[in-house]
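Below: one structure, written as structure tokens.
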Amino acid sequence: MSENKKITVTSPLLPDLEDFIPMLRDIWERKWLTNNGHYHQELENELAKYLGVNYISLFTNGTLPLITALQAMRITGEVITTPYSFVATTHSIWWNGLKPVFVDVDEKTGNIDPEKIEAAITPRTTAIMPVHVYGTPCNTKRIQEIADIYGLKVIYDAAHAFGVKVNGESILKQGDMSTLSFHATKVYNTVEGGALICHDEATKKRIDYLKNFGFAGETTVVAPGINSKMDEIRAAYGLLNLKQVDGAIAKRKAAAEKYREALKDVPGIRFLNDIEGVHHNYAYFPIFIDEKKYGLSRDALYEKLKEYNIFGRRYFYPLISTFSAYKGLESARPENLPIAHKLADQVLCLPMFAGLQGEDVERTINVIAAR
Ligand SMILES: *Cc1c(COP(=O)(O)O)cnc(C)c1O
């Protein structure tokens, strides 16, 4: 095994180029490049089937569905969310002129702690935006109970949760809406891309107006919409990748099992285990390092791996609540978010992608175990 080969934290799932070329030829012949074209419609249908949802709208990336979901439901005032996520979650709230309110997370999963939501609700709160971090399902039952009591909408940022099911049912059925990202680094990608899932036809119609400037007809504009339509080239690419995503998830699972088997005996290293009844997608392999027990800090291990040409990623660090746009908010005070800070200081995502070789996993494990 080569010590010099660079091992990256992720690598994109690519369709076979030979399969893509005939589709490109077909697009060239049709001369219909975007605006709900042939491949766009086909990908919406195939994704709805694959994911087990009734209404899905394709987008150009995973951030615009978050922004559009808040628009579609006319959310106002304050939105309760988590600081332990990718920045786009909070940015989408800000871009709607709304106030994000951070709530601390559960130490075991990194997901928003439902028991801390009620204390953050004010008369201005209208929605909750949780994230299924690393694809681990949130406590959706408890979150919905709270939302129902206070009359709040729930929008799940499900960017990490492609294909995740709980007791056989898609996690995307939870809440009022869910969003997906099909960015190159995700389990399933369309290069850039994303989707918004809702639960009724009228809402899907509204979403589809909003992603096309608000056009409801040739001369009718019903809302100040945006442009976030997925084009035909990426929809065709997405159809090919959909055919191989199950195989990709199986390979990720094998890598996760190899990591777990080896790391379970290393003191001071915690990782996430499978949850009974959950169909996981193995989107990430985060480990949490207890410096005292392990003997090295997270940052020291991160640097050490780099010396061996292995590139982990401190995901999520820094917390969203520490960025300049948000750190002045009352809810962003570190005292309000002790668990999120602890996880952000301990976490390191190890290399995880479908093409990761067994020997690459072993090399990574050996560096960690040797400490
Ligand atoms: C990737 C990601 C997004 C944004 O998706 P893009 O497709 O990159 O715009 C949003 N939220 C989370 C949690 C993500 O990981």
Side-chain angles (χ1 to χ4, degrees), residues 9-13 43 47 56-71 79-96 100 102-103 105-106 109-112 127-138 140 154-164 171-172 174-175 177-197 211 226-231 234-235 237-238 241 245 252 272 280-286 313-321 323 325-326 340 343-344 347 349 352-353:
V9 71
T10 187
S11 180
L13 182 68
L43 184 58
L47 277 172
I56 181 166
S57 298
L58 300 180
F59 279 72
T60 45
N61 59 51
T63 302
L64 284 160
L66 287 167
I67 291 174
T68 306
L70 293 161
Q71 282 284 321
V79 179
I80 289 174
T81 189
T82 166
Y84 194 73
S85 179
F86 182 61
V87 279
T89 312
T90 309
H91 283 351
S92 73
I93 298 169
W94 198 261
W95 271 66
N96 275 276
F102 297 113
V103 163
V105 299
D106 173 53
T109 61
N111 287 334
I112 196 166
I128 310 171
M129 186 181 274
V131 181
H132 303 296
V133 177
Y134 308 127
T136 306
C138 288
T140 55
V154 183
I155 301 160
Y156 284 102
D157 179 341
H160 295 181
F162 185 90
V164 171
I171 191 73
L172 303 170
Q174 300 298 322
M177 290 187 189
S178 290
T179 68
L180 290 169
S181 165
F182 306 150
H183 183 257
T185 55
K186 305 296 209 264
V187 169
Y188 167 78
N189 83 82
T190 59
V191 185
E192 291 261 7
L196 181 47
I197 290 91
K211 75 174 198 188
I226 199 159
N227 179 10
S228 47
K229 308 181 298 293
M230 182 183 281
D231 63 74
R234 287 192 276 158
Y237 172 108
N241 253 357
V245 71
R252 287 170 172 273
L272 304 178
H280 292 273
N281 66 4
Y282 309 92
Y284 301 90
F285 196 85
R313 194 174 161 207
R314 292 167 290 184
Y315 196 65
F316 300 105
Y317 166 85
L319 290 180
I320 303 174
S321 52
F323 293 132
Y326 307 117
L343 294 182
V347 73
C349 285
M352 173 54 82
F353 51 93

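For clarity, every value in this text was computed on a predicted model and none was experimentally measured. Note that ligands are numbered from 1 as they come in the structure, with each ligand's atoms numbered from 1 the same way.
Residues Phe86 and His91 place their aromatic rings such that the two centres sit no closer than 6.0 Å.
By the side-chain hydrogen bond (donor to acceptor under 3.5 Å, both in side chains) test, Tyr317 is found to be paired with no residue, residues two or more places apart in sequence or in another chain being considered. Take Arg313 and apply the salt bridge (Lys or Arg N to Asp or Glu O under 4.0 Å) test, not counting sequence neighbours, and it matches no residue. With sequence neighbours excluded, the residues that form a side-chain hydrogen bond (donor to acceptor under 3.5 Å, both in side chains) with Asp106 are Thr109.
Put simply, the side chain of Tyr188 does not reach to within 4.5 Å of the side chain of His183, judged on heavy atoms.
Ring pair Phe316/Tyr134 is parallel by interplanar angle, where below 30° counts as parallel and above 60° as perpendicular.
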For ligand 1, find each of its N or O atoms that sits under 3.5 Å from a protein N or O atom, and tabulate the pairs with distances to one decimal place.
| unit_1 | atom_1 | unit_2 | atom_2 | d |
| --- | --- | --- | --- | --- |
| ligand 1 | 5 (O) | Ser181 | OG | 3.2 |
| ligand 1 | 7 (O) | Gly62 | N | 2.7 |
| ligand 1 | 7 (O) | Ser181 | OG | 2.7 |
| ligand 1 | 9 (O) | Gly62 | N | 3.2 |
| ligand 1 | 9 (O) | Thr63 | N | 3.1 |
| ligand 1 | 9 (O) | Thr63 | OG1 | 2.6 |
| ligand 1 | 11 (N) | Asp157 | OD1 | 3.4 |
| ligand 1 | 11 (N) | Asp157 | OD2 | 2.7 |
| ligand 1 | 15 (O) | His160 | NE2 | 2.8 |
| ligand 1 | 15 (O) | Lys186 | NZ | 3.2 |
| ligand 1 | 15 (O) | Tyr315 | OH | 3.2 |

